[in-house]
Structures are given as C-alpha cells and as structure tokens.
Peer 1: 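Below is a structure I'd like to ask you about.
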Amino acid sequence: MQQVKIGWASRDVSTSVPINIPGQFHMRISKGIMDPLTLTALVIDNSEDLVIFLSADLVVIRSGLLDEVREQVSLLEPEIETIKIIMNATHTHTGASHYLDKGNDALRTGSSTAPVDDVPHPGVEIASSDDYRAYLAREAAEAVVEAYRTRAPGGIAYGYGFAVVSHSRRVIYFDDTSKRPGEQVSGFRVNGHGVMYGNTRDKQFSHYEAGADHFINLLYTFTPAGELTGAIINVPCPSQNSESEYKLSADYWHDVRVAVRKIYGNIHILPQSAAGGDLSPRLLHYKEAQARRFRLKYGNEQTELSARKDIAERVAAAFAEVLSWAKNDIRSELPIEHVVETVELSKRRISQDELAFAEEKLAELNKIPFKLEGDSPEELLRFNSSLVAQRNRFIRIVGRYKSQDSEPKLPMEMHVLRIGNIAFASNRFELFMDFMHRIQARSPFEQTFVIQLAGTPGMDGGTYLATERAVQNKGYSACLFCNIVSPEGGQEMVDETVSILEKLYDNKS
C-alpha cells in the first residue's frame with residue numbers, strides 16, 4: 001500500500017446567456033440563474049493507480065463531452081491517464097445544454113432534443129449550446145488538471161447513513177390504462193399498468209412498482225492533520241424538484257451544499273446520483289400533509305423550494321452522523337485499483353408491431369405544421385420543440401429496428417474500482433433501483449457506490465434501463481422510447497460488474 005494523495009477543484013459553470021435547458025420534451029430558454037451550477041473534480045492517487053471523479057450539474061453527459069474533456073486534459077497535462085476520468089451528471093433538469101447544435105446528425109436522427117436551428121423559434125433569442133459546451137469542456141479540463149497538480153498527502157474515511165430523498169415514481173394500477181376511454185398515445189410515452197407520476201387518488205391505484213432506497217454512501221477526505229477537506233455524497237435519486245423552472249439551478253444539490261457548508265465551512269462536495277431511474281425526490285401521495293409540513297416549517301414559499309430544503313436538512317444530518325464515527329478510521333495508506341472496460345449489452349429489440357406503430361404515428365406527426373404565429377414566442381417555441389421531440393422519438397424507433405440485427409449490442413464504458421475496502425461502479429443509464437441492489441448485494445466489498453449517468457465516449461448517453469417488471473407494466477421510463485438496452489442487458493451489466501468486483505477483491509493486499 002502507498003500513501004494516498006488527494007486533490008480537489010471546483011468551478012461555477014453557470015451562464016447568464018439565454019440558453020436551452022434540457023430535461024423536458026419542450027425547449028426552455030433560461031431566464032437567469034436561480035443558484036450556481038457547479039462542476040467538481042476529485043483526484044485520489046496512491047502512485048500505483050488513481051481515480052479522477054468529475055461531477056457536473058447537468059441532466060446527462062452526451063454530445064462527445066467526455067471525449068473533449070479528456071482530449072483537453074491531455075493537452076494541458078500529458079501525464080494524466082485520462083481514461084481514469086469518471087464524469088457523472090447530477091441529473092438536474094435545470095442545467096444548461098451542452099448538446100451540439102452544428103453538424104450533430106445524432107440529434108437530427110432521433111433524439112428527444114433537436115439542434116436549435118431545427119426548431120422554428122420566432123421572436124425567441126437562443127444562444128448556441130456549442131459555445132457553452134466549449135466553455136464547459138474547458139472548465140472541466142482545467143478543474144481536473146488543478147486537482148491533479150494540487151494533490152497532496154491526506155486521508156480517507158467512509159461510511160453509510162440514511163436520508164430520505166427518493167420515492168418511487170412509477171404508479172401501478174389494477175387496470176391497463178391504455179385501454180381507458182380517451183387515452184391517447186403521444187411520442188413521449190406508452191402507458192400500461194404503469195404510469196410515471198400517476199395519480200394515486202385514482203380508484204384503480206394499486207401500488208408503487210418499487211420501493212425507495214434511503215441509503216446515503218459517503219467518502220470523506222482529510223489533511224494529514226485530520227482537517228476535513230471534502231466529501232463524495234452518493235444518493236440514489238436524481239435532482240429534479242425544480243425540474244420545470246426557467247432559471248438555471250443545481251436543484252437540491254445547491255441546498256445540500258449550503259446546509260453542509262454551514263456546519264463545516266467551504267469544503268468541496270462531489271455529488272453522485274446512484275440508481276434513480278424509477279425514483280424521484282417527489283412525494284406522490286400524502287401531498288396535503290406535506291403541504292402543511294412545509295407551510296408550518298418554511299412559510300408560504302414555493303413547495304418545491306421547501307422540498308429542496310427539507311432534503312438538504314436530512315442529507316446534512318446524515319453527513320454529520322456518519323462523520324462522527326467514520327472519522328475514527330481515517331486511512332492514509334490504501335490500495336487503489338481502477339478497471340475500465342467496454343461492455344457489450346443486449347439491446348431492447350423493436351417488434352414488427354412497434355415498428356408499424358412508430359411509422360403510423362410518425363406519419364401523423366409529419367402532417368402537423370409548425371406554428372409560426374398566433375401565440376406568444378414562448379408558446380410557439382414550446383409547441384414546435386415538442387413536435388420535433390415527438391417526431392424524433394419515432395424516427396429513433398424506426399432506426400433502431402433497421403439496425404438491431406446488425407448491431408444487437410450497445411457498447412458502454414464501465415468503471416469498476418476499489419479504494420481500500422470500498423468500491424465504485426459506473427454506468428451510463430438512468431438505472432432502475434433493482435439493478436443497483438443486485439450489484440451491491442453480491443459485491444464482496446464493505447460498501448459499493450453505484451454511479452449512474454456516467455459519461456461514455458461518443459455522442460449518445462443517458463437513457464433509462466428498466467427492470468423486467470417495469471417493461472411489462474410500460475409507462476414512461478419503461479416503454480419502447482426510453483430503453484435502448486433490455487432488462488437482459490441490464491443483468492449482463494450487473495454480472496460483469498460483480499465479476500470485476502470479485503477479481504478486485506481477490507487482489508486485496
């Protein structure tokens with residue numbers, strides 16, 4: 001074992017220019033900044049191997065962003081092994097867009113988000129996402145290099161606690177909702193017994209499809225004198241309380257940073273979202289009780305802002321509770337072993353019936369003209385961008401059908417590593433909770449941090465990976481539009497992750 005060296009760096013990557021905010025199926029053009037978007041880098045090195053964690057307040061990592069960050073890091077500091085960079089999104093739905101606008105054929109052939117020039121937007125000023133993407137990649141590369149160059153001897157402690165952040169967001173009904181009178185299919189979802197954010201007051205409400213995970217995994221870093229310098233906070237929940245806002249925001253992670261720093265000073269905080277594809281920070285029942293709680297506790301502010309504060313208080317409390325005992329076991333000499341593999345995962349196939357359905361609906365959508373007048377510029381943009389998003393989702397289904405025999409597998413860069421007696425495992429998906437539990441339950445390590453929505457080389461990224469039961473129930477996040485990889489492919493990822501974890505554990509010294 002070698003002395004651990006630790007380096008941190010953070011950047012505010014907010015922008016005041018009016019830029020598209022991805023995370024909904026219509027374009028939202030930012031109207032300022034609610035709270036800072038943050039990018040944080042952490043390097044942990046023991047001279048034999050290293051890991052570079054890079055977290056950004058974005059909805060997803062795509063459009064070749066990871067490739068560009070790695071390329072720029074290599075130019076700035078050639079000795080850095082850039083393949084060891086794990087870049088994850090916190091999945092805030094109020095981050096700025098870094099999607100390519102110019103020459104992005106990937107977006108023009110089936111993404112839910114289209115380049116700005118493909119969406120008529122009369123009267124609306126929109127900055128190109130290309131400019132922000134270049135800025136973001138530069139800031140990320142500089143943060144990685146700063147963290148690498150400033151790494152110094154230090155120590156690590158870790159532990160787990162409990163903080164209620166997530167709730168199940170997939171509602172299951174006794175009946176198949178697609179057969180209800182007046183039920184219409186859009187290019188956004190195909191419902192069945194399952195409905196994302198379904199109405200729990202419905203007389204056919206049965207249950208939530210899955211439970212929730214209230215674990216919080218924590219890794220703390222210290223100076224040789226025992227001074228706390230920062231922490232990884234790994235929570236199985238996306239950050240989307242403020243998901244419909246028109247101002248840039250890190251969502252509840254901003255409130256977590258404020259709450260933790262109020263106690264411990266301006267330490268670095270690196271957020272990671274563990275599996276949260278079927279989870280959400282939104283409570284779907286008990287809403288009246290929640291409203292009363294927030295009204296008495298916080299006054300008459302917006303409900304979702306109160307929810308963010310409520311979450312932050314629980315995370316900060318768990319942070320303090322775990323630190324109170326984890327600091328009794330600070331390690332300054334630890335083995336590090338970091339494996340990066342490209343795994344091939346079985347895709348979810350498109351059936352003949354689904355192809356016919358997609359072609360029929362696409363033909364209908366292609367007959368609908370864009371709106372160029374008659375409404376406000378914002379309403380025109382909302383309609384036109386929603387229309388393009390629906391068309392693109394059907395176009396993607398047709399494309400997947402055509403290529404599924406020749407390209408049955410999806411390649412994904414996966415990181416699996418150990419730092420002492422704990423492990424980390426990454427994936428590119430909005431991963432359903434069951435897959436994480438399968439990994440953690442079989443992992444031989446004391447704690448296993450799962451990192452979802454990690455960047456992978458290439459233009460694509462994100463997408464849900466749903467379980468077998470979810471695919472049967474349908475609904476947004478588990479219907480044909482949402483899953484490139486099948487449940488079988490999800491289990492392939494689990495098995496490969498566990499196989500590497502077992503090999504790393506056997507290598508323990």
Side-chain angles (χ1 to χ4, degrees), residues 60 88-91 93 160-172 193-198 200 206-218 233-241 243 252 271-285 311 314-315 318 345 348 412 414 416 423-443 445 447-454 462-479 482-498 501:
V60 72
N88 73 277
T90 61
H91 203 54
H93 283 55
Y160 77 91
F162 300 96
V164 177
V165 181
S166 67
H167 308 276
S168 179
R169 57 176 169 172
R170 286 183 48 81
V171 173
I172 305 302
H193 286 274
V195 178
M196 173 79 85
Y197 295 126
T200 58
S206 172
H207 60 280
Y208 293 108
E209 185 177 79
D213 190 315
H214 301 313
F215 277 84
I216 174 171
N217 283 303
L218 294 147
I233 306 179
N234 180 284
V235 175
C237 187
S239 50
Q240 54 186 114
N241 287 102
E243 62 184 346
Y252 71 68
Q272 292 174 344
S273 177
D278 47 349
L279 306 178
S280 165
R282 292 177 174 273
L283 191 64
L284 299 187
H285 74 288
I311 288 169
R314 293 193 289 275
V315 172
L345 307 176
R348 179 174 175 179
M412 182 193 78
M414 183 171 73
V416 183
F424 291 80
S426 76
N427 65 85
R428 58 163 273 180
F429 304 104
E430 285 190 71
L431 189 69
F432 275 42
M433 180 180 66
D434 287 1
F435 292 117
M436 175 176 69
H437 289 166
R438 294 172 193 176
I439 291 170
Q440 291 173 329
R442 294 169 57 191
S443 172
F445 288 90
Q447 283 180 238
T448 301
F449 295 57
V450 172
I451 309 169
Q452 76 164 12
L453 289 172
T463 69
Y464 290 93
L465 209 174
T467 56
E468 298 85 346
R469 61 178 170 180
V471 169
Q472 291 175 355
N473 287 326
K474 298 183 180 179
Y476 180 77
S477 75
C479 63
C482 305
N483 310 138
I484 295 179
V485 168
S486 65
E488 293 77 17
Q491 188 59 36
E492 292 166 1
M493 184 190 72
V494 169
D495 291 339
E496 183 62 23
T497 301
V498 172
L501 287 169

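For the single chain, residues carry numbers from 1 onward in sequence order.
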Peer 1: Please name the pair of heavy atoms, one in M433 and one in A275, separated by the smallest distance, quoted to 0.1 Å.
Peer 2: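 Heavy atoms of M433 and A275 come nearest at CA-CB, 4.1 Å.
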Peer 1: The criterion is side chain to side chain contact (heavy atoms under 4.5 Å, CB included); which residues satisfy it with F162, sequence neighbours excluded?
Peer 2: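 Result, side chain to side chain contact (heavy atoms under 4.5 Å, CB included) vs F162: Y160, F215.
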Peer 1: Who pairs with R348 by salt bridge (charged side-chain N to carboxylate O under 4.0 Å, His left out), at least two apart in sequence or on another chain?
Peer 2: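 Expected list: none.
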Peer 1: Quick one: salt bridge (charged side-chain N to carboxylate O under 4.0 Å, His left out) partners of E243, sequence neighbours excluded?
Peer 2: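 With sequence neighbours excluded, E243 shows a salt bridge (charged side-chain N to carboxylate O under 4.0 Å, His left out) to R282, given in chain and number order.
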Peer 1: Does V165 reach the side chain of Y252, with side-chain heavy atoms less than 4.5 Å apart?
Peer 2: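 In contact.
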Peer 1: Under the ring-ring contact (aromatic ring centres under 6.0 Å, His included) rule, collect the residues that match up with H285, sequence neighbours excluded.
Peer 2: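 H285: ring-ring contact (aromatic ring centres under 6.0 Å, His included) contacts with Y208.
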Peer 1: Hey, could you give me the CE/CG distance between M493 and L431, rounded to the nearest 0.5 Å?
Peer 2: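 Output value for this atom pair is 4.5 Å.
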Peer 1: Can you name the salt bridge (charged side-chain N to carboxylate O under 4.0 Å, His left out) partners of D434, sequence neighbours left out?
Peer 2: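 For D434 the salt bridge (charged side-chain N to carboxylate O under 4.0 Å, His left out) partners, ignoring immediate neighbours, are R469.
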Peer 1: Going through the distances and angles, do E496 and L345 end up as a side-chain contact (heavy atoms from CB on, under 4.5 Å)?
Peer 2: CA-CA 10 Å; E496 183 62 23; L345 307 176; over 6 Å; no
Peer 1: Can you measure from OG (S239) to NE2 (H91) and round to the nearest 0.5 angstrom?
Peer 2: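 It is 7.5 Å, given to the nearest 0.5 Å.
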Peer 1: How far does CZ of F449 sit from CD1 of I439, to the nearest 0.5 angstrom?
Peer 2: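 The distance works out to 14.5 Å.
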Peer 1: Who pairs with D278 by side chain to side chain donor-acceptor pair (under 3.5 Å), at least two apart in sequence or on another chain?
Peer 2: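 So D278 forms no side chain to side chain donor-acceptor pair (under 3.5 Å) with any residue.
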Peer 1: Between A470 and R170, what is the shortest heavy-atom contact and its length?
Peer 2: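 Taking A470 first and R170 second, the nearest heavy atoms are O-NH2, 3.3 Å.
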Peer 1: Hey, mind stepping through Q440 and V450 against side-chain contact (heavy atoms from CB on, under 4.5 Å) and telling me if it holds?
Peer 2: CA-CA 8 Å; Q440 291 173 329; V450 172; 4.3 Å; yes
Peer 1: Of all heavy-atom pairs between I311 and P281, which one has the smallest distance, and what is that distance?
Peer 2: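 For I311 and P281, the tightest heavy-atom pair comes out as CD1-CB, 3.7 Å.
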Peer 1: Any side-chain heavy-atom pair from S280 and H167 closer than 4.5 angstrom?
Peer 2: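 Sidechains of H167 and S280: no contact.
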Peer 1: With rounding to the nearest 0.5 Å, note down the distance linking CD1 in I172 to OG1 in T200.
Peer 2: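 Going from the CD1 atom of I172 to the OG1 atom of T200 covers 13.0 Å.
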Peer 1: Measure the CG-CZ distance between L279 and R169 for me, rounded to the nearest 0.5 Å.
Peer 2: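 So the gap between those two atoms works out to 7.5 Å.
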Peer 1: What is the distance from atom CD1 of I216 to atom CD of Q272, rounded to the nearest 0.5 Å?
Peer 2: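 With rounding to 0.5 Å, CD1 (I216) is 11.5 Å from CD (Q272).
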Peer 1: Could you tell me which residues satisfy side chain to side chain donor-acceptor pair (under 3.5 Å) with T497, sequence neighbours excluded, listed by chain and number?
Peer 2: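 Partners of T497 by the side chain to side chain donor-acceptor pair (under 3.5 Å) criterion come out as none, since no residue qualifies.
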Peer 1: If you look at every heavy atom in V471 and A466, which pair is closest and at what distance?
Peer 2: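 The pair with the smallest heavy-atom distance is CG2-CB, 4.1 Å.
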Peer 1: List the residues meeting side chain to side chain contact (heavy atoms under 4.5 Å, CB included) with A423, not counting sequence neighbours, and say none if there are none.
Peer 2: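 Scan of A423 (side chain to side chain contact (heavy atoms under 4.5 Å, CB included), adjacent residues dropped) gives F445, T448, L501.
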Peer 1: Any side-chain to backbone donor/acceptor pair from R428 onto M414? Under 3.5 Å, distance only.
Peer 2: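 Judged by distance alone, no pair lies under 3.5 Å.
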Peer 1: Could you tell me which residues satisfy side chain to side chain contact (heavy atoms under 4.5 Å, CB included) with A274, sequence neighbours excluded, listed by chain and number?
Peer 2: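 Expected list: N234, P236, M436.
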Peer 1: What I'd like to find out is whether the side chain of N427 reaches to under 4.5 Å of the side chain of I451, using heavy atoms alone.
Peer 2: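 Not in contact.
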Peer 1: Using side chain to side chain contact (heavy atoms under 4.5 Å, CB included) as the criterion, list what pairs up with S206, not counting sequence neighbours.
Peer 2: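 Residues passing side chain to side chain contact (heavy atoms under 4.5 Å, CB included) with S206: F174.
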Peer 1: Quick one: does any side-chain atom of S166 pair with a main-chain N or O of D213 as donor and acceptor, under 3.5 Å?
Peer 2: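 Yes; at least one donor-acceptor contact below 3.5 Å.
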Peer 1: Could you tell me whether the side chain of Y197 reaches within less than 4.5 Å of the side chain of V171, counting heavy atoms only?
Peer 2: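 V171 does not reach Y197 side chain to side chain.
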Peer 1: Could you pull out all residues at least two apart from Y476 that satisfy side chain to side chain donor-acceptor pair (under 3.5 Å)?
Peer 2: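 Y476: no side chain to side chain donor-acceptor pair (under 3.5 Å) contacts found.
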Peer 1: Do any N or O atoms from the side chain of Q452 and from the backbone of G276 form a donor-acceptor pair under 3.5 angstrom?
Peer 2: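 Looks like yes, one N/O pair under 3.5 Å.
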Peer 1: With sequence neighbours excluded, tell me which residues meet side chain to side chain donor-acceptor pair (under 3.5 Å) with E468.
Peer 2: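 Partners of E468 under the side chain to side chain donor-acceptor pair (under 3.5 Å) test: R438.
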Peer 1: Does any part of the side chain of L453, heavy atoms only, come nearer than 4.5 Å to the side chain of S273, both counted from C-beta?
Peer 2: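 Counting from C-beta outward, S273 and L453 never come under 4.5 Å.
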Peer 1: If you compare all heavy atoms of S477 against all heavy atoms of F432, which two are closest, and at what distance to 0.1 Å?
Peer 2: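 Smallest interatomic distance, heavy atoms only, reads OG-CZ, 3.4 Å.
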